[in-house]
Structure formats: structure tokens, C-alpha cells
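Remember, it's 1-based here, ligands and their atoms both numbered in the order they're listed. Worth knowing before you read on, the calculation uses all heavy atoms, side chains too, and leaves out hydrogens, waters and symmetry mates.
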Amino acid sequence: MEKKAHGLVADWNSLRRIFLQPESEAGKATLLRHMEQILFSLHDFLRQNVGVTEEISLQELATQFKETTISRKPEKKLAEVITALVEDIAPHAVNVSSPYFIGHMTSAIPFFMVHLKTIVAALNQNANKIETSKVVSVIERQVIAKIHRLIFQESNSFYSDHVQNAHTTLGAFTEGGTSANMTALWVARNAAFPPKDGFRGVEADGLASAYRAHDVDRCVVLVSRRGHFSLRKSGGVLGIGNSNIVAIDVDKDNRINLEALEKSIQDFRAQKNVKILAVVGIAGATETGTIDPLADIGDICHKYGIHYHVDAAWGGPTLMSQKYKHFLNGIEKADSVTIDGHKQLYMPMTCGMIFFRDPYIMDKIAYHANYVNRQGSVDLGIKTLAGSREAHALILDSALKIMGSDGYGLLIDHGIDIARSFADEIKRRKIFELTSDPVLNILTYRVNPPEIKLRLLSATGEERKGLIEKLNDININVQRTQRESGKSFVSRTVLEHPASKESLVVLRSVLMNPMTDMKILTEILDEQENIYKSHCGHVYGL
Ligand SMILES: *Cc1c(COP(=O)(O)O)cnc(C)c1O
């Protein structure tokens with residue numbers, strides 16, 4: 001970007017001034033103008049300022065950002081920087097808050113979240129340790145206990161014993177679902193390799209010694225094919241190897257096949273030197289929104305004494321819907337549960353959480369240091385992967401007060417109800433095929449025009465392969481063209497057909513924005529139909 005010569009200098013006087021206040025009354029007026037819009041008309045602001053307003057490719061954008069040295073002299077005043085962020089940068093960001101943006105798990109947030117986030121930034125507490133956060137630590141324990149209760153529904157006396165008990169931990173805030181899943185598997189790994197005959201435990205002595213001491217040469221984690229890739233990442237980081245995150249087949253509804261799961265457990269147990277670290281149940285698969293039979297998996301895990309983790313990064317908040325919370329029946333059997341704050345708790349980026357049924361199990365990952373997190377202290381950072389971190393608890397605790405669990409329940413209900421209506425509309429239209437029924441508010445479908453549908457019924461071998469490839473190309477094209485035209489966004493993924501094992505490109509929609517209604521969804525389907533008719537039909541000789 002072009003630099004203007006301002007004659008700005010970094011001297012002590014001006015530095016002290018910008019540390020404390022705006023440079024001038026005019027600067028202050030500019031800041032107020034932008035901030036007032038952001039704070040009080042957030043959604044208008046986003047609609048007006050964010051999103052691809054002009055066709056500009058990432059490549060073109062990249063050419064504007066090739067400066068690799070830090071200017072020694074100040075380049076801009078604060079008011080200019082803010083103006084540039086709003087006027088030059090925001091238009092090239094993605095308007096995830098648009099009700100037409102139904103492709104990912106990132107969406108509109110209530111305007112007050114920005115206020116809460118601003119206050120958190122202003123207080124600048126570090127939740128890692130009491131000495132830098134004090135009241136935040138106790139609020140964090142309280143809000144973690146509230147969500148824990150939503151999941152595990154232990155007794156009143158359980159919660160009064162543990163809510164502020166310095167010796168126990170019900171869970172922790174994390175950076176997101178990835179680090180929450182990683183924390184769950186970290187705990188499970190350490191629990192699986194306790195100290196033994198001179199071996200001081202896997203955390204101290206490492207995996208090679210752990211395997212020797214426990215006579216193991218392989219650890220596995222079992223999860224359905226719909227498992228999130230953060231589990232594989234965790235396998236890598238924890239040293240057990242990402243190829244040992246074993247994918248179990250799913251049934252036609254994308255739920256884990258229980259017989260296949262139990263058979264896999266028995267097969268691994270029959271091999272003496274394999275340890276099953278955990279079985280993961282999914283409560284809201286990232287691609288299809290489907291929920292595994294949580295209670296049945298829990299029973300299997302209890303039968304074999306295996307750590308049961310439920311990845312409810314997406315679906316966890318369904319527990320606040322009176323109408324749909326039964327979808328998660330059995331989640332209370334889990335040993336650990338992941339829930340993301342920045343997904344269906346509608347918090348700003350980024351916030352995840354991990355919860356454990358056993359209030360002592362996080363001791364397996366406790367760390368102490370001489371200057372913080374001392375032995376016996378109540379510092380929250382003792383049992384988290386993160387060190388310094390922001391006071392998420394203030395945001396979540398406040399949001400729960402503003403919304404009530406019924407308020408969140410309404411958001412959840414809207415998403416699920418509208419996903420069902422959307423599915424009906426897709427089924428009604430001849431050129432589409434619903435590829436996964438919505439359970440929660442996520443569904444997949446694809447363009448599959450009648451002329452191909454018909455031929456697929458009888459096609460075999462090469463002909464069938466050709467048709468599937470053609471369909472995949474069509475769907476890639478439709479998705480890309482729609483995205484590039486800049487009004488609506490639906491994502492795409494590849495699902496393996498449970499029976500034929502064919503790889504199918506499907507369109508994926510995530511319906512979490514309360515402003516998304518059927519009128520908008522109808523427009524989105526119309527646009528896809530039009531793209532198919534004007535761009536694809538003739539290309540594929542249809
Ligand atoms: C989103 C998601 C994750 C990963 O969460 P991040 O917050 O993106 O790290 C893990 N599991 C599931 C089921 C998810 O939907």
C-alpha cells in the first residue's frame with residue numbers, strides 16, 4: 001500500500017500521547033464515527049463494509065501486500081489506520097454474518113459480543129494465573145461448572161463441592177475445538193501410561209519408554225469416518241501417530257457402525273501389544289451434522305474400560321434446546337466432552353472448551369513453575385495446554401446471562417427447523433439430490449439432474465465412473481461460480497458413499513444465522529439452478 005509522507009516521528013512525547021489517547025480532536029471524531037457504527041449498528045456496518053464488493057482475486061490482493069520491512073518511522077496516524085481497515089481492508093474480508101453465507105461454521109454473532117470482547121480487551125486479564133486475573137478465575141470456574149452441569153447433570157452436592165475447589169477441575173477453556181480434542185487425548189494418553197517400576201509416566205519419560213514399560217508397541221484412537229481432522233493432528237502431536245486414529249465405518253445415516261466399532265475393539269484387544277487410548281463419539285459431524293449413538297458407544301466403552309470422548313464441538317449447545325436436547329442422550333456417559341464457544345455459542349473467535357466427568361483426571365496434565373502455577377496454587381494455567389490466554393469466561397458468562405439457555409435454545413431450534421424445510425425444498429426440486437438428511441442444522445446435497453440420475457440407475461463400470469466424475473465436476477463448478485459471484489456462499493466437501501465407497505462431491509450448508517430464512521434459501525437454490533443451466537448443462541453435453 002502507498003505510503004504518505006507525514007513527517008511522523010517516533011519520539012518519546014508522541015509515543016506517550018498515542019499510548020494514552022487519540023492524537024487530536026479530529027482523530028477522535030474519526031474513531032468515534034467508526035466505532036459507533038461497529039458498536040451500535042454492527043450488522044449494518046458489516047453489510048455495508050464487508051464482503052467481496054468488487055471482483056478481486058487473492059492473487060491480485062497478494063501483490064498489494066509484499067512489503068517485508070518494518071518502517072522505522074510511523075507511517076500512519078491511528079485514525080488513518082482505522083479508516084483504512086474499514087474502507088480498504090474490510091471490503092476484502094468475508095462477510096460471514098450475511099444470511100446468504102451458509103457454508104461454514106462461522107457466522108453472524110449477536111452485536112453485544114463485540115461489546116463484551118472490547119471490555120475483555122480493555123481489562124486485559126491473563127486467565128493463566130490468579131495474579132493477573134483474580135475474579136476472572138472464579139468466574140471461569142463457575143461458567144465451566146454451568147456447562148459441565150448441562151452435559152453431565154451431576155448432583156447439587158457434586159457442584160457445590162467442585163465449583164470453586166482448588167484441588168479439582170471440571171474442565172478448561174481452550175483455543176478452540178482442536179486444542180480441546182487434543183487436551184482430551186492428552187489426558188487419555190497420560191492415564192493409559194501411568195508410572196510403573198521406575199518408569200515415571202509418559203509425560204515425564206516420553207512415549208518410547210512408556211511403550212517399553214507397558215509392553216505396548218501401538219496406541220490407537222477409534223472414531224467414525226466422519227471424525228474431525230483435529231483428532232489426526234492430535235495423534236501426530238501426542239506422538240502416537242496420526243495413522244493410528246482409526247476410522248470406523250459409518251451406516252447410511254453417517255453414524256458410526258456399532259458392530260464395526262465393537263469388532264475393531266475386540267480385534268485390537270486380541271493383539272496383546274495394542275492399547276486403545278480412546279473411542280470418540282461425534283455430536284454434530286463437521287460435514288454432515290450427524291450425531292453418533294452416544295449412549296450405545298458409552299456402554300461399549302464402559303464394558304471394555306476405554307476412555308470415551310465426545311466431540312460435541314458443534315452440537316454441544318443443542319443441550320439448551322428443550323425441543324432437541326434428546327439428540328444428545330448418552331453424552332453424560334462420556335469421560336470428556338469438547339464444545340466450541342465460537343460455533344453454536346455464538347462467541348467471537350476463538351473459544352473452545354473441554355470438560356471431564358472425573359474432577360481429578362486433569363491432574364494427569366498438571367504443570368508447575370516457580371514463578372506461577374506453584375504447587376497448591378489455584379492458577380488455572382496449571383492444567384491447560386495454553387499459557388497466557390484471554391478472559392473468555394467473562395464473555396460466555398455474560399452471554400449466558402443475556403440470552404438464557406432458552407435464548408440459545410431458540411437459535412438451535414431455528415437452525416434445525418430451517419434445515420428440515422431446506423431439505424424438503426431440495427427434495428422437491430428435480431435437479432437436486434439430498435445426500436445427507438439434516439439431524440442438526442447441517443445438510444449436504446448435490447446437483448444431480450434427472451438425465452444423470454436416470455442413467456446412474458443402470459450404469460456400471462466405466463460408464464458409472466464417468467457419470468460420477470461428471471457430477472463431481474458439475475458440483476465443483478456450481479459451488480465455485482456461486483462463491484465467485486459474491487452474493488451467496490455454500491461450501492463443498494467430498495463424502496464417501498457408505499455402500500459403493502465412491503467419492504461424491506457434495507454441497508454443504510450450515511444453517512446457524514437466525515436471519516437466514518426460507519426466502520433466502522430459495523434464492524440460493526434458484527441461483528444454483530441457474531448456474532447449472534447456464535454454465536454446466538451444455539459443457540457436459542446434457
Ligand atoms: C470445528 C470442529 C472441530 C475443530 O474446532 P476448531 O475450533 O476449528 O479448532 C473439531 N471437531 C468438530 C466436530 C468440529 O465441528
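Partners of Asn190 by side-chain hydrogen bond (donor to acceptor under 3.5 Å, both in side chains), not counting sequence neighbours, listed by chain and number: Glu203. Evaluation of the side-chain hydrogen bond (donor to acceptor under 3.5 Å, both in side chains) rule for Arg357 yields Asp335 as partners, not counting sequence neighbours.
The pair Arg420-Asp437 does not meet the salt-bridge criterion, since no charged nitrogen lies less than 4.0 angstrom from a carboxylate oxygen.
For ligand 1, the atoms closer than 4.0 angstrom to any heavy atom of Asp340 are 1 (C), 5 (O), 6 (P), 7 (O). Within ligand 1, counting atoms from 1 as listed, the ones closer than 4.0 Å to a heavy atom of Ser230 are 10 (C). Within ligand 1, the atoms closer than 4.0 Å to a non-hydrogen atom of His342 are 7 (O), numbered from 1 in the order shown. Near Gly284, the atoms of ligand 1 lying under 4.0 angstrom from a non-hydrogen atom of the residue are 13 (C). Taking every heavy atom of Thr286 and a limit of under 4.0 angstrom, the matching atoms of ligand 1 come to 12 (C), 13 (C), 14 (C), 15 (O).
Proximity of Gly352 to ligand 1 is not established, as no heavy-atom distance is less than 4.0 Å. Glu175 does not count as a contact of ligand 1, since none of its heavy atoms falls under 4.0 Å from the ligand.
Ring pair Phe422/Tyr445: centre-to-centre distance below 6.0 Å.
Residue-to-ligand polar distances keep Trp314 apart from ligand 1: every N/O pair is separated by 3.5 Å or more. The shortest N or O to N or O distance between Ser179 and ligand 1 is not below 3.5 Å. Considering backbone and side-chain N/O of Ile282, none are found under 3.5 Å from N/O of ligand 1.
Looking at atom 6 (P) of ligand 1, its nearest protein heavy atom turns out to be Gly177 N, 3.3 Å. Annotation: atom 4 (C) of ligand 1 to nearest protein heavy atom, His228 CE1, 3.3 Å. Closest to atom 14 (C) of ligand 1, if we only count protein heavy atoms, is Lys343 NZ, 2.9 Å. Ranking the protein heavy atoms by distance from atom 11 (N) of ligand 1 puts Asp311 OD2, 2.6 Å first.
Looking only at atom types and distance, the side chain of Thr444 has no donor-acceptor partner in the side chain of Thr288 under 3.5 Å away. A side-chain donor from one of Asp311 and Asn181 sits under 3.5 Å from a side-chain acceptor of the other. There is no side-chain donor-acceptor pair under 3.5 Å between Glu332 and Gln153.
Within the 4.0 Å heavy-atom criterion, both parts of Thr178, backbone and side chain, lie near ligand 1. At a heavy-atom cutoff of 4.0 Å, ligand 1 is contacted by the side chain of Asn181 but not by its backbone.
The number of heavy atoms from other shown groups lying within 6.0 Å of CG (Leu61) is above 12.
Taking the six-membered ring where the residue is Trp, His148 and Tyr159 present perpendicular rings, their angle passing 60° and hence far from 30°.
Stacking of Lys275 on the aromatic ring of Phe193 is recorded, both the 6.0 Å distance cut-off and the 45° axial limit being met.
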